[in-house]
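Whatever order the structure lists them in is the order used to number ligands and atoms, beginning at 1. For this chain, numbers begin at 1 and follow the sequence in order. All values reported here derive from a predicted model rather than from experimental measurement.
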Amino acid sequence: MVRFGGEYPLTRDQIQFYRENGFVQLDNVLTAEELEFLRNALEEAVMAPARHAVVNSDGRSDYAKVFYQKVNIWRDHEGVREFVFSPRLAEIARRLAGFRAVRLWHDHALIKMPGPDSRPSPWHQDLPYWPMNEEGALSCWMALDDVTVHNGCMQFIPGTHRLGKLPPINLVQPQDIFSMIPPEKKHLIGKEPYVAEMKAGSCTFHDGRTFHYASPNRSDKPRRAMVVIYMADGTTYNGKRHICTDPLGLQVGDRLEGELFPLLAEGEPE
Ligand SMILES: O=C(O)CCC(=O)C(=O)O
C-alpha cells in the first residue's frame, strides 16, 4: 500500500457521531511503519531551520509552556509532506464534514514539553483565529505518542460546534470561554468533556468551532502531535491577520486556493 494512502474504514456511525458532537476519535489510523516514518520525519523537520515553515514559539516564552508550534512544515520537508497530503486522512475529513472537496489550510506540529512548567492548552475554538468567512474547517490531531490526561491528551465538549464562532481566547492568559456561551444556547452542549486518551497512530478530528483543551504534560517526555487542518474547497478570506495569509496580499472575499492551499480530496458529498 502507498504510504498514508488507501481507505480508512470510516463508518456511518462515526460520521454521525462527528456531526452530532463536533469531533470524533479514530483508532489505529496509521500503520506501525507509517507511525515510525512520521516520527522520524517530524523529528528531522522540527530540528531543521525553517525556510517556508514558521516557528510560532521561541522555546522560552509562556506560549512555549503551552506548546512548541511549527506551522506549514510540509513546505520544507518531503516526508512530512507525504503525511500532510495523505489521501486517507483527507478523505476522512471530507466525508466527516460532508464537503465535496477539501483543501489544506495548514499543518502544524504541536509539541507539549514535559515538566512542572508545562501548561494546559486552554479551552478554545480554532475558527476565531482563522481568516475564513465560512465555517466547518476541521483538524486532524494525530498522536505520535500514546496520550493520556497525564501527558496532555485532547478533550472536547460535545455539541459546542453548534455555538458558532465566539471571540478568540488568549492561549497564555486565557479567558473563560464557558462564560461566553449565550444562556439560551447552553442546552445545545454536553455537560462532560470527552477525554481522548489514545494510542500513537490514532487521531481525533474536530470542527474548528468545537471547544477543546489539552492537559499539561506531567510525564518526562515531550507529547508530540502532528495536526493537519482541512477546509472546504471554495473557502474565502475574511481579512483577519494570520501568519499563513499575511504575506499573500489577499483581498477580502478571495478564495483560499492555489499551490499553498492544495486540493487534497474530492468526491460526492455525504
Ligand atoms: O495539542 C494541543 O495541546 C492543543 C491542540 C489544539 O488546540 C488544536 O489542534 O487545535
Side-chain angles (χ1 to χ4, degrees), residues 18 21-26 29 38 42 46 54-57 61-74 83-84 89 92-93 96-97 104-115 117-132 135-157 160-161 165-175 177 193-198 200 202-219 221-231 242-244:
Y18 176 83
N21 295 287
F23 68 91
V24 67
Q25 175 175 334
L26 302 178
V29 174
L38 178 60
L42 195 71
V46 164
V54 183
V55 179
N56 210 14
S57 48
S61 64
D62 282 346
Y63 193 79
K65 293 177 187 159
V66 180
F67 43 56
Y68 165 93
Q69 181 184 29
K70 193 168 188 179
V71 178
N72 267 345
I73 310 180
W74 71 272
F83 169 74
V84 170
L89 294 176
I92 296 173
L96 290 173
L104 175 65
W105 161 227
H106 67 76
D107 69 29
H108 50 166
L110 293 178
I111 302 179
K112 198 179 267 297
M113 298 309 283
D117 278 352
S118 175
R119 294 195 183 180
S121 313
W123 287 108
H124 67 282
Q125 296 177 307
D126 295 329
L127 189 64
Y129 309 108
W130 297 339
M132 297 170 185
E135 303 195 340
L138 68 165
S139 296
C140 168
W141 191 100
M142 179 62 68
L144 273 70
D145 299 288
D146 295 355
V147 282
T148 64
V149 170
H150 183 62
N151 69 344
C153 70
M154 289 278 272
Q155 305 190 24
F156 303 94
I157 305 288
T160 36
H161 61 311
K165 183 160 58 171
L166 300 172
I169 298 300
N170 181 318
L171 294 179
V172 176
Q173 289 176 322
Q175 301 84 352
I177 195 170
Y194 175 96
V195 179
E197 296 196 327
M198 58 191 176
S202 300
C203 64
T204 52
F205 281 79
H206 68 270
D207 184 298
R209 297 162 290 189
T210 303
F211 291 11
H212 55 285
Y213 164 96
S215 39
N217 182 357
R218 298 293 181 228
S219 76
K221 295 190 193 67
R223 182 230 63 188
R224 298 164 298 175
M226 184 64 203
V227 180
V228 184
I229 309 170
Y230 305 90
M231 60 186 170
H242 190 280
I243 49 171
C244 293

Would you call the rings of His212 and His206 parallel, tilted or perpendicular if under 30° counts as parallel and over 60° as perpendicular? tilted
For Lys112, atoms of ligand 1 separated by under 4.0 Å from a heavy atom: 3 (O)
Should you measure from each heavy atom of Ser121, which atoms of ligand 1 turn up under 4.0 Å away? 2 (C), 3 (O), 4 (C)
Measuring from atom CD1 of Ile229 to atom SG of Cys244, what distance do you get when rounded to the nearest 0.5 angstrom? 8.0 Å
Closest protein heavy atom (residue, atom, distance) for atom 8 (C) of ligand 1: His212 NE2, 3.5 Å
Short list, please: which atoms of ligand 1 are under 4.0 Å from a heavy atom of Arg223? 1 (O), 2 (C), 3 (O)
Using a heavy-atom cut-off of under 4.0 Å, does the side chain or the backbone of Ala225 touch ligand 1, or both, or neither? neither
Checking heavy atoms under 4.0 Å, the part of Gln155 that sits near ligand 1 is neither
Any idea which part of Ala214 is under 4.0 Å from ligand 1, heavy-atom wise: side chain, backbone, both or neither? side chain
CG (Asn217) and OG1 (Thr148) are apart, to the nearest 0.5 Å, by 8.5 Å
If the plane angle is over 60° it's perpendicular, under 30° parallel, otherwise tilted; pick one for Phe23 and Phe156. parallel
Specify the closest pair of heavy atoms between Leu166 and Gln125, including all atoms of both residues, with the distance to one decimal. N-OE1, 2.8 Å
Which of the numbered atoms in ligand 1 are below 4.0 angstrom from a heavy atom of Asp126? 10 (O)
Nearest non-hydrogen protein atom, atom 9 (O) of ligand 1: Trp141 CD1, 3.4 Å
Polar atom proximity, His124 to ligand 1 (N or O, under 3.5 Å): yes
Euclidean distance, Asp117 CG relative to Asp62 CG, rounded to 0.5 Å: 9.0 Å
Which residue pairs pass the salt bridge (Lys or Arg N to Asp or Glu O under 4.0 Å) test with at least one member in residues 142-157, sequence neighbours excluded? Asp145-Arg224, Asp146-Lys199
Tell me yes or no: between the side chains of Ser118 and Lys112, is some donor less than 3.5 Å from an acceptor? no
If the cut-off is 4.0 Å to any non-hydrogen atom of His206, which atoms of ligand 1 fall inside it? 8 (C), 9 (O), 10 (O)
